[in-house]
Amino acid sequence: MPNSIESLKEISRKYDCRFLINEPLKEHTTFRIGGPCDIMIFPNSVEALKELLQEADRYMILGNGSNVLFSDNGYRGAIFVLGSDMSDISVDGEYITAYAGSSLVRVCKAALDSSLTGLEFAYGIPGSVGGAVFMNAGAYGGEMKDVVTEVTCINQSGETITYSADKLDFGYRRSRFTDSGEIIISARFKLSHGDKDAIKSRMDELIARRKSRQPLEYPSAGSTFKRPEGTYAGLVIEESGLKGFSVGGAKVSDKHANFVINTGDATASDVLNLISHIKKTVSEKTGYSLECEVKLIEE
C-alpha cells in the first residue's frame with residue numbers, strides 16, 4: 001500500500017480532492033470507534049473516483065459511517081468517503097436524483113420543499129443515499145425499494161452503468177450491491193405530489209418517535225441486529241434480561257435493547273464481545289439466532 005499512497009495523493013491533487021493521512025476512523029463513524037486508516041480521500045467527481053479506484057491496492061467506500069464498526073487498529077488501505085463533495089440533489093417533477101454522498105435527511109427535506117410524499121419514513125435514518133440503497137434501509141413501514149426507480153454505479157470493470165428497479169434485487173437489508181462489488185454513484189427516487197403540511201406533520205411525528213424510543217444521545221451504529229422472523233430483536237434481547245448490560249464502554253441501551261451504544265470510551269473489542277454475549281444469551285434463553293446488522297471492518 002505505501003507505494004500506492006503516493007499515487008493516490010497525486011491523483012487527489014490532480015482533481016483537487018481532499019485527503020488525510022493516518023486519519024482516525026472514529027471521527028467518521030456514528031459509533032465514534034476505530035483506529036487510523038492509511039489514507040482517507042474525499043472524491044469530488046465520478047472521474048476522480050474511477051481513477052482512484054484503479055490505483056488503490058485495498059480500499060473501502062464509506063458514506064456517513066452509520067452502519068459500520070472499524071477495528072481498534074484501524075484500516076490498512078484507502079478509505080474513499082462519498083460525502084458532501086458528492087452530494088448534489090436535483091428535483092424533476094415527481095422524481096428526485098441524489099448522489100451517493102447526500103444524507104437521507106437532506107433528500108427528505110428536498111422532497112418536502114417540493115411537496116413530494118413517499119420518503120417520510122426515511123426522515124431521521126442516519127445514513128447517506130449510497131449506504132441506504134446498499135442495504136435497502138427502511139423504517140416505519142417503508143424501505144428504499146418502495147421509492148428507488150434506478151441506481152447508477154461504477155461496475156467492477158470501471159464502467160458507469162445504470163440499473164432499473166427490477167435489477168436491484170432488493171431484499172431485507174440487502175440489494176444487488178451487497179455482494180456485487182459495484183459502487184453506488186447516485187439514485188433516482190419516484191415520489192408523488194402531496195400536501196406539504198401533511199408531509200411535514202408526518203416527518204415531525206416520526207422524528208419525535210425516534211427521539212422518544214431510540215438512544216440518539218449516544219454514539220451507536222443504529223440497530224445492531226436484523227429483525228428475526230416472527231419477532232423483534234429488541235424484544236428478545238430485553239426478554240433475555242440484557243437491557244443495560246455492558247462490556248467495557250459498550251452497553252445495551254436502556255431505552256431500546258437493539259441498540260448497542262458507546263457510553264464514551266468503548267473499543268471495537270468491547271462492542272464485539274458484547275454482541276457475542278447477546279447472541280449467545282438470546283439463543284440460550286429464547287431459541288432465536290440473531291444476525292448482526294452492523295458491518296465489521298477488519299484491519
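Along the sequence shown, residues are numbered consecutively beginning with 1.
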message = Can you confirm whether the side chains of Tyr75 and Glu299 place a donor and an acceptor under 3.5 Å from each other?
response =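 Per modelled atom types, Tyr75 and Glu299 side chains form no pair under 3.5 Å.
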
message = Assess, by modelled atom type and distance only, whether the side chains of Asp166 and Ser164 contain a donor and an acceptor separated by less than 3.5 Å.
response =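 Yes, a side-chain donor-acceptor pair sits under 3.5 Å.
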
Any carboxylate oxygen within less than 4.0 angstrom of a Lys/Arg side-chain nitrogen, looking at [X] and [Y]?
X	Y	value
Asp113	Lys109	no
Glu182	Arg176	yes
Lys190	Glu94	yes
Lys211	Glu217	no
Glu47	Lys50	no
Asp169	Arg174	yes
Asp254	Lys251	yes

ask   = Do side-chain atoms of Ser103 reach the backbone of Arg106 as a donor and acceptor pair under 3.5 angstrom?
value =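 A pair under 3.5 Å: yes.
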
Using a 3.5 Å cut-off and no angle test, enumerate the donor-acceptor pairs between side-chain atoms of residues 138-152 and protein atoms at least two apart in sequence or in another chain.
| from | atom 1 | to | atom 2 | distance (Å) |
| --- | --- | --- | --- | --- |
| Asp146 | OD2 | Glu143 | N | 2.8 |
| Thr149 | OG1 | Arg188 | O | 3.3 |
| Thr152 | OG1 | Thr162 | OG1 | 2.8 |

ask   = If you group Ile, Leu, Val, Met, Phe, Trp and Tyr whenever their side-chain heavy atoms sit less than 4.5 Å apart, what else falls in with Val294?
value =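 Its cluster partners, ordered by chain and number, are Phe31, Ile33, Leu69, Phe225, Val236, Ile237, Leu242, Phe245, Val247, Val252, Val260, Val271, Leu272, Leu274, Ile275, Ile278, Val282, Tyr288, Leu290, Leu296.
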
ask   = Hey, what else clusters with Leu235 if you join Ile, Leu, Val, Met, Phe, Trp, Tyr whenever side-chain heavy atoms sit under 4.5 Å?
value =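 Besides Leu235, the cluster holds Tyr232.
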
Review item, side-chain donor-acceptor pairs of residues 115-131, under 3.5 Å, at least two apart:
| from | atom 1 | to | atom 2 | distance (Å) |
| --- | --- | --- | --- | --- |
| Thr117 | OG1 | Glu120 | OE1 | 3.3 |
| Thr117 | OG1 | Glu120 | OE2 | 2.6 |
| Glu120 | OE1 | Gly118 | N | 2.7 |
| Ser128 | OG | Gly131 | N | 3.4 |

All N/O donor-acceptor pairs, side-chain side in residues 77-84, below 3.5 Å, sequence neighbours left out:
none

key: Partners meeting ring pair (Phe, Tyr, Trp, His ring centres under 6.0 Å) with His256 (sequence neighbours left out)   =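 Ring pair (Phe, Tyr, Trp, His ring centres under 6.0 Å) list for His256, sorted by chain: Phe259.
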
